[in-house]
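Just below is one structure, and these are the notes that go with it.
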Amino acid sequence: MSATSLPGSQQPDLGDIRHDWSVAEIRAIHDLPLMDLVFRAAQVHRRHNDPADIQRASLLSIKTGGCPEDCAYCPQSAHHKGAGVARERLMPVETVLTEAAAAKAAGAQRFCMGAAWRQPKDGPEFDAVLAMVRGVRGLGMEACVTLGMLTPSQAGRLAEAGLTSYNHNLDTGPDFYEDIISTRTYDERLQTLANVREAGIGVCCGGIVGMGEGVTDRAAMLQVLSNHAPHPESVPINALVAVPGTPLEDQPAVDPFDLVRMCATARIVMPRSRVRLSAGRKSLTREAQVLCFLAGANSIFYGERLLTTANNGQDDDAALLADLGIRVGEPVRAAAE
């Protein structure tokens, strides 16, 4: 099937902002011949974004291990003791802000902080996170946190502290979700996203490829995201890092072309979102990363660790972007629409 022969109702005007995508439409786009898909995605990307603007975000685990959730992919789960991730206390505010300043000096525009909680409790630790957010914003950086589920009140307090964006991934499509997680429902994830949006905070939400899901599950996840109005400001596309000691430790490596397809499809159905090439990027060659950028990925995690897994080195990333002639723009919170 060529890029110009999507059947009947599956023939969208690619590049328009829509919130009524069907799974069948998204699957048809995803399954286009790869060169046609990348070409179409590149056209959409250039219609809505500066292709030379690739954001660099730094990610720090501010509270590691001991999470009560049973996410099958996550070495921080208390259910997966064989992963060997020790439980640690919340990092001091001063330590986090020192890390943020170092990330900024190295070229990061956005500083993301992750805590292995099911849901933060109001009290000293949540107050410390608010101080971290204020401190990162005071450095002139975008601030993003992922803390688990949020109440409307907590989302409001984070907004008052100046939080740019809140990360809360769907991980996969609704039908496959219960194969991966049993301790939190899909609707609970959606409710947290609604609380974040209602508070006026940008939404960062994506998923993981390579957990044993089918292509239709991937399309279904993108359908849920793309039918949000407005679209998420950031959409992380992760490749599973199969960590020993987790239930998914024996999953095969993700084909790089699968990531290219997901980046391209996400770009077409969410034209103005930041499509972030996230976990698993370390396994990609420079050429595969460039193909993802061509297909519409316009953000990367920058730094040698992503929470508890390895990432590309800063020098390697800086060299790749320099070789491509890509600039790093100023921190700007741009709405997805």
Side-chain angles (χ1 to χ4, degrees), residues 48-50 53-63 91 93 96-115 117 120 126-170 189 192-206 225 228-238 266 270 272-278 297-303 306-307 327-337:
H48 292 279
N49 307 285
D50 178 357
D53 175 17
I54 294 183
Q55 182 191 61
R56 285 187 280 191
S58 181
L59 175 61
L60 177 68
S61 179
I62 61 174
K63 188 274 175 189
M91 294 176 66
V93 174
V96 171
L97 296 184
T98 297
E99 293 280 350
K104 180 181 180 180
Q109 305 154 284
R110 182 184 184 107
F111 194 70
C112 307
M113 297 163 278
W117 289 325
F126 190 67
D127 292 342
V129 172
L130 297 175
M132 294 173 193
V133 170
R134 288 190 290 267
V136 170
R137 296 295 283 147
L139 292 171
M141 304 178 77
E142 295 184 4
C144 179
V145 297
T146 180
L147 312 172
M149 296 184 294
L150 287 182
T151 65
S153 173
Q154 289 170 333
R157 294 180 69 194
L158 286 166
E160 290 172 0
L163 187 67
T164 310
S165 189
Y166 192 84
N167 170 258
H168 200 63
N169 289 335
L170 293 178
R189 289 184 183 266
T192 288
L193 295 178
N195 293 342
V196 167
R197 181 63 78 193
E198 181 64 24
I201 300 170
V203 170
C204 175
C205 185
L225 294 174
H228 278 193
H231 293 151
E233 281 74 16
S234 301
V235 180
I237 302 297
N238 299 275
M270 293 172 281
R272 295 179 186 168
S273 299
R274 286 273 186 192
V275 176
R276 182 166 294 114
L277 188 56
S278 300
N298 59 350
S299 180
I300 58 174
F301 275 121
Y302 181 69
L306 295 180
L307 298 180
R327 65 177 175 81
V328 178
E330 292 299 319
V332 174
R333 178 182 173 185
E337 301 183 16

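Positions are given from 1, in the same order as the sequence printed here. Atoms considered below: every heavy atom in the structure, side chains included; atoms not considered: hydrogens, waters and symmetry mates.
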- How about H168 and V196: do any of their side-chain heavy atoms sit closer than 4.5 Å? no

- Between K104 (side chain) and M141 (backbone), is there a donor-acceptor pair under 3.5 Å? no

- Going from CE on M113 to CG on L163, what distance comes out if it is rounded to the nearest 0.5 angstrom? 7.0 Å

- Message: Are P230 and R197 packed together at the side-chain level, in the sense that at least one heavy-atom pair is separated by less than 4.5 angstrom?
- Response: yes

- Query: Between E142 and Q55, is any pair of side-chain heavy atoms under 4.5 Å apart?
  - Reply: yes

- Task: Please report the shortest heavy-atom distance between A108 and S58, naming the atom on each side.
- Result: CB-CB, 4.0 Å

- Message: Is the shortest side-chain heavy-atom distance between M132 and F111 below 4.5 Å?
- Response: no

- Item | From CA spacing to verdict: side-chain contact (heavy atoms from CB on, under 4.5 Å), W117, K63 | CA-CA 8 Å; W117 289 325; K63 188 274 175 189; 3.7 Å; yes

- If you take all heavy atoms of V235 and G206, which pair is closest and at what distance? CG1-CA, 4.2 Å

- Kindly indicate whether the side chain of R137, heavy atoms from C-beta on, has any atom under 4.5 Å from the side chain of T164. yes

- Task: Would you indicate whether the side-chain heavy atoms of N167 and C112 approach each other to under 4.5 Å?
- Result: no

- Residues S299 and R276: side-chain donor-acceptor under 3.5 angstrom: yes

- Task: Answer yes or no: is there a donor N or O on one side and an acceptor on the other, between the side chain of Q154 and the main chain of P120, under 3.5 Å?
- Result: yes

- Smallest separation among heavy atoms of D127 and R134, with atom names: O-NH2, 4.4 Å

- Query: For the atom pair CZ (R274) and CZ (R272), what is the distance rounded to the nearest 0.5 Å?
  - Reply: 14.0 Å

- Message: The test is side-chain contact (heavy atoms from CB on, under 4.5 Å); show your working for L147 and F126 and say whether it passes.
- Response: CA-CA 10 Å; L147 312 172; F126 190 67; 4.1 Å; yes

- Close side-chain approach of C205 and H228, heavy atoms under 4.5 Å: no

- Considering non-hydrogen atoms only, spot the tightest contact between N169 and C204 and give its length. OD1-O, 4.2 Å

- Item | Straight-line distance of I62 CD1 to M91 CE, nearest 0.5 Å | 8.5 Å

- Is there a side-chain contact between I300 and R56, using heavy atoms and a 4.5 Å cut-off? yes

- Nearest-0.5 Å distance, CG of residue L170 to CG of residue L225: 5.0 Å

- Query: Among L150, V145, L158, whose side chain to side chain contact (heavy atoms under 4.5 Å, CB included) with I201 holds?
  - Reply: L158

- Identify the two heavy atoms, one from G148 and one from T192, that lie closest to each other, and give their separation to 0.1 Å. O-CG2, 4.1 Å

- Begin from the C-alpha positions of L130 and R157 and carry the test side-chain contact (heavy atoms from CB on, under 4.5 Å) through to its verdict. CA-CA 8 Å; L130 297 175; R157 294 180 69 194; 3.4 Å; yes

- For L97 and L139, which heavy atoms make the closest approach, and how far apart are they? O-CD1, 4.1 Å

- Message: Given 3.5 Å as the limit, does a donor-acceptor pair link the side chain of S273 with the main chain of P232, or not?
- Response: yes

